[in-house]
Trainee: 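I have a structure here, written as structure tokens, and I will follow up with some questions on it.
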Amino acid sequence: MIKITFPDGAVREYPTGSSALDIAKSISDGLARKVLAAEVDGKVWDATRPIAMDASLKLLTWNDVAGKSTFWHSSAHLLAEAVEALYPGAKFWVGPPVENGFYYDIDLGGRSIVEEDLRRLEVKMSDLARQNEVYVRKEISKGDAVKYFSDKGDEYKLDLLQNLQDGEITFYTQGRFTDLCRGPHIPNTGFIKAIKLTNIAGAYWKGDDRNKQLTRIYGVSFPSQKDLDEYLRLLEEAKKRDHRKLGKELGIFTMDDDVGPGLALWLPNGTIIIEELEKLAKETELAAGYKRVVTPHIAKESLYLTSGHLPYYQDSMYPPMELEGQKYYLKAMNCPHHHKIFAAEPKSYKDLPLRLAEYGTCYRYEQSGELFGLMRVRCLHMNDAHIYCSKEQFYDEFKAVNEMYIKYFKIFGIEKFVMRLSLHEPSKLGKKYVNEPELWKETENLVRDVLVRTSTPFVEVPDEAAFYGPKIDVQIWSTIGKEFTLATNQVDFAQGRRFNLQFVSKENNPETPLIIHRAPLGTHERFIGFLLEHYAGNFPVWISPVQVKVLPISDKYIDYAQTILGSLKKADIRAEIDDRNEKIGKKIRDTEIAKIPFMLIVGEKELAEQKASLRRHGKGDLGQINLEDFVIQLTREIQARATD
RNA sequence: GCCGUUGUAGCUCAGUGGUAGAGCACUUCCUUGGUAAGGAAGAGGUCGUGAGUUCAAUUCUCAUCAACGGCUCCA
């Protein structure tokens, strides 16, 4: 007998060699039908794998992340089985679960597949699933494994085997398909009741663009059709929040073929949002001791040779234009210009920290396949600033920048983000990173220290630093799941030297400042793209392009509506009037769809009492109000930059 | 940049080897209506661009541009 400890601390005895599934059955058949895998002594196992000694046990179902992953991983095997059945000779790389489903990377030997193939594969997968094929685990020697895949002619699996040793190699077989896999898997394919293959994509082998491109098939699967339907519904919901769709519907921005890819045109409504954001940034930065500067959009080649950007980032810059025998580049970053401002006059320690801020317009030649609505563009307006400080001042300055992020995020109610501490990779010194091993260590420790001492949760990511120093990126996700850096806070110990920037210390010695590059609001493009999705287009009133719409019941009340409009405008409230020849129901509907926060409806009654009927977007009729009170209240809400 | 898909009116989309349709939006008229779509009429498109096949191309072929889904990249 073995002693099994359950998550609630209960200990029960079972015959040696019982599986998690056996144990579940002993509790209830209903539970056994839901068990996908098990956590045995903290490791995820097949539910069917015999347990030979005392262990702690947690049964994993669809409601556990690990249970879901196992389910999707097994679905990937099922996909591979279907692919092998329909397209003999296919070779397989890897088929992992992902956040929302699974994929399998496959070499189809020159064959390309289309949407119809996905439907055929779905049918085949469902057929195979219905056969309740058992996932059989088998430990196998490296020699036998190599022989199996050599005979099969699958060089990808052979490549995987190279890094595995005897004793850690397992095969999983379901039906006619056998895969090299460490598992675990669900008990049998019958658990997979609903399957949707979502898309086909090319994916470089091992993620290296010098390698062959494999066919990646993405899919998602569920234990019931109802779950799939719900998932598809949520996908539809997410699409409604997509900033590209909302941006068009709300008149925020547009793109035009003649202007060029990745070059957003800001429409009047979008421009209002930009101006509100800039107002916020300018107020905040003024209070934090920043000074504003303005710099040109272009500079000579020599500037970027000095900064070091040309050797590192030329591929991401627009090609140069030639004037008077000189090469000029569109600026991809503002820092070199700001460094020149620092250098324009001699500096003493008394001038530090010097904080230079600019909403700088940058142009980056992003790869065509990378462009994505407003989130990834080729012309961007950065909430940029550079802080020049001494080593002693660094901690406070860097910390203040981090606090500024948090302050902004509170204003916008941004809660789902991850702080990412990006570090250098020592083997790439002199290539991807400036060759200053000591400075790298020192500044990375300084930055980590700020995060640790301010108890900011963060993740460390190697090989993601800027070429000039480590950084903290704030990562967010678009509604369709793409990850982006929203804000960034970077240390730069390299450019100060490259530009020979100096200040005179208290001891009358020349010293090189440390530089902090920071962009708490990222760029207008990405930030507004993110805000559109974050609020689903329902902007808080302070950034709403139109804050109040005045709706006369009929044209008899247009004059009174105009009077109200006048008072609103006098109070600097962005208001419009809907004087179309439409019924009030239609006007309300159109205003609701336009996501305008407030409506003032005026007719016979309102005119008689010199009032207005208030309606709030999404909340409906709020009854009659006194206009002066409304203006006071609304102004207060706008000034507070209230979220709702 | 790479793989795949798509490209018809301002928007969402239908359609055909014989030079095009719907709904919404827009304009005009009727209606003056009280909290999410009143009615009628009208206007609007070289079917992304270029070339080829054909008596004839929006439709077939090729190229190109752009968008979309991924991959790679992301100061």
Side-chain angles (χ1 to χ4, degrees), chain A residues 98 103 105 108 112-115 117-118 198-218 242 244-245 248-249 251 254-262 304 307-309 312-313 315-317 331-336 362 364-373 375-376 380 382 384 422 432 464-469 471 473 480-485 488 490 492 495 517 519 526 551-558 580-593 599 601-606 613-623:
Chain A
V98 288
Y103 67 78
D105 280 351
L108 290 162
S112 73
I113 63 168
V114 296
E115 284 287 317
D117 295 295
L118 293 187
T198 46
N199 57 48
I200 313 161
Y204 298 109
W205 184 42
K206 296 186 177 179
D208 187 328
D209 61 6
R210 289 165 303 190
N211 283 341
K212 181 171 178 174
Q213 207 164 46
L214 305 175
T215 302
R216 175 172 296 180
I217 300 176
Y218 279 91
D242 192 310
R244 293 167 297 184
K245 184 175 157 66
K248 188 183 277 286
E249 287 169 359
T254 189
M255 303 270 194
D256 187 281
D257 280 2
D258 281 334
V259 176
Y304 300 112
S307 71
H309 283 101
Y312 288 98
Y313 293 114
D315 288 349
S316 304
M317 293 174 73
K331 69 176 172 186
M333 64 296 297
N334 303 301
C335 37
C362 299
R364 299 179 180 180
Y365 182 61
E366 301 286 357
Q367 294 183 44
S368 60
E370 273 313 320
L371 301 174
F372 177 69
M375 302 277 203
R376 192 82 179 266
L380 39 113
M382 219 191 306
D384 213 356
S422 298
K432 190 173 170 185
E464 288 282 331
F467 78 88
Y468 44 64
K471 59 178 179 171
D473 288 331
I480 60 166
K482 282 178 189 265
E483 182 176 337
F484 290 97
T485 298
T488 185
Q490 314 180 347
D492 179 355
Q495 288 194 61
H517 303 235
R526 190 169 288 176
L551 310 180
I553 297 278
S554 80
D555 59 13
K556 284 190 256 174
Y557 312 105
I558 289 181
R580 294 176 305 165
N581 181 8
E582 293 289 352
K583 286 185 155 177
I584 193 66
K586 170 74 166 163
K587 291 183 184 182
I588 288 170
R589 176 181 156 81
D590 289 347
T591 313
E592 288 283 354
I593 289 170
M599 281 167 249
I601 296 162
V602 293
E604 185 66 40
K605 284 179 268 175
E606 290 79 5
S613 284
L614 179 65
R615 190 186 160 100
R616 184 149 201 176
H617 172 59
K619 296 201 173 133
D621 192 357
L622 298 178

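Worth knowing before you read on, the calculation uses all heavy atoms, side chains too, and leaves out hydrogens, waters and symmetry mates. In what follows, chains carry the letters A, B, and so on, assigned in the order in which the sequence lines appear, proteins first and then strands, with residues in each chain numbered from 1.
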Trainee: For A/Ile588, report the nucleic acid contact type (base, sugar-phosphate, nothing); a contact means any heavy atom under 4.0 Å.
Mentor: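 Contact class for A/Ile588: base.
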Trainee: So which nucleotide from B/G70, B/G38, B/G34 ends up closest to the side chain of A/Ala201?
Mentor: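 So the side chain of A/Ala201 is nearest to B/G70.
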Trainee: Which atoms of nucleotides 40-47 of chain B (N or O only) lie under 3.5 Å from a protein N or O atom, and what are those distances?
Mentor:
none

Trainee: Under 4.0 Å between a side-chain N/O of A/Lys245 and OP1 or OP2 of B/U12, yes or no?
Mentor: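 It does not, given that no N or O in the side chain of A/Lys245 lies less than 4.0 Å from OP1 or OP2 of B/U12.
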Trainee: Record whether the side chain of A/Gln213 comes under 3.5 Å of the base of B/C2 through a donor-acceptor pair of N or O atoms.
Mentor: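 Flag set: donor-acceptor pair detected.
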Trainee: Heavy atoms only, 4.0 Å cut-off, all strands: where does A/Gly585 land among base, sugar-phosphate and nothing?
Mentor: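 Sugar-phosphate: the residue A/Gly585, judged by heavy atoms under 4.0 Å, touches backbone atoms but no base.
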Trainee: Checking contacts here: which listed nucleotide (B/C74, B/G1, B/A66) is nearest the side-chain heavy atoms of A/Asp257?
Mentor: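 Taking heavy atoms from C-beta onward, the closest nucleotide is B/A66.
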Trainee: Report all interatomic pairs (protein N or O, nucleotide N or O of nucleotides 27-32 of chain B) with separations under 3.5 Å.
Mentor:
from, atom 1, to, atom 2, distance (Å)
B/C30, N4, A/Asn581, ND2, 3.2
B/U31, N3, A/Asn581, OD1, 3.2
B/U31, N3, A/Asn581, ND2, 3.0
B/U31, O4, A/Asn581, OD1, 3.4
B/U31, O4, A/Asn581, ND2, 2.1
B/U32, O2, A/Ser554, OG, 3.2
B/U32, O2, A/Asp555, N, 3.2
B/U32, O2, A/Asp555, OD1, 3.0
B/U32, N3, A/Asp555, OD1, 3.0
B/U32, N3, A/Asp555, OD2, 2.8
B/U32, O4, A/Asp555, OD2, 3.0

Trainee: Base, sugar-phosphate, or nothing: which does A/Thr488 touch, judged by heavy atoms less than 4.0 Å apart?
Mentor: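 Nothing, no heavy atom under 4.0 Å.
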Trainee: Side chain of A/Asn199: nearest nucleotide among B/G69, B/C2, B/U35?
Mentor: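 Out of B/G69, B/C2, B/U35, the nucleotide with an atom closest to A/Asn199's side chain is B/G69.
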Trainee: Could A/Lys206 and A/Asp208 be called an ion pair, given the rule that one side-chain N must be under 4.0 Å from one carboxylate O?
Mentor: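 Salt bridge flag = no for A/Asp208 with A/Lys206.
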Trainee: Please evaluate the base of B/G34 for a donor-acceptor partner in the side chain of A/Glu606 within a cut-off of under 3.5 Å?
Mentor: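 When only heavy-atom distances are counted, A/Glu606 does reach the base of B/G34 through a donor-acceptor pair under 3.5 Å.
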Trainee: Any idea which of B/U35, B/G38, B/G69 is nearest the A/Arg244 side chain?
Mentor: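 It is B/G69.
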Trainee: Between A/Glu592 and A/Arg615, is the closest basic N to carboxylate O distance under 4.0 Å?
Mentor: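 Yes, A/Arg615 and A/Glu592 are salt-bridged.
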Trainee: Using a 4.0 Å heavy-atom cut-off, does A/Glu604 contact any base of the nucleic acid, only the sugar-phosphate backbone, or nothing at all?
Mentor: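 Here A/Glu604 touches the bases of the nucleic acid.
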Trainee: Tell me whether the side-chain N/O atoms of A/Tyr218 come closer than 4.0 Å to OP1 or OP2 in B/C71.
Mentor: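 Yes, because at least one side-chain N or O of A/Tyr218 sits under 4.0 Å from OP1 or OP2 of B/C71.
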Trainee: Select base, sugar-phosphate, or nothing to describe what A/Arg615 touches, counting heavy atoms under 4.0 Å on all strands.
Mentor: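 Answer is base: heavy atoms of A/Arg615 come under 4.0 Å of a base.
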Trainee: Could you check whether the side chain of A/Arg376 and the base of B/C73 have a donor-acceptor pair of N or O atoms closer than 3.5 Å, going by distance alone?
Mentor: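 It does, because a donor-acceptor pair links the side chain of A/Arg376 to the base of B/C73 below 3.5 Å.
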Trainee: Between atom CZ of A/Arg580 and atom CG of A/Asp590, what is the distance when rounded to the nearest 0.5 Å?
Mentor: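 So the CZ of A/Arg580 and the CG of A/Asp590 are separated by 4.5 Å.
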Trainee: If you take atom types as modelled and just measure distance, does the side chain of A/Tyr365 reach the base of B/G1 with a donor-acceptor pair under 3.5 Å?
Mentor: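 By the distance-only test, no, there is no pair.
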Trainee: Under 4.0 Å, counting only non-hydrogen atoms across every strand here, what does A/Gly373 touch: a base, just sugar-phosphate, or nothing?
Mentor: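 Here A/Gly373 touches the backbone only, sparing every base.
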Trainee: Measuring from the side chain of A/Lys583 (C-beta onward, heavy atoms only), which nucleotide among B/C2, B/U35, B/G33 has the closest atom?
Mentor: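 Per side-chain heavy atoms of A/Lys583, the pick is B/G33.
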Trainee: Would you sketch RNA chain B in dot-bracket for me? Only Watson-Crick or G-U wobble pairs with both distances under 3.5 Å count, crossing pairs as [ ], other-strand pairs as |, the rest as dots.
Mentor: (((((((..((((....[..)))).(((((.......))))).....(((((..]....))))))))))))....
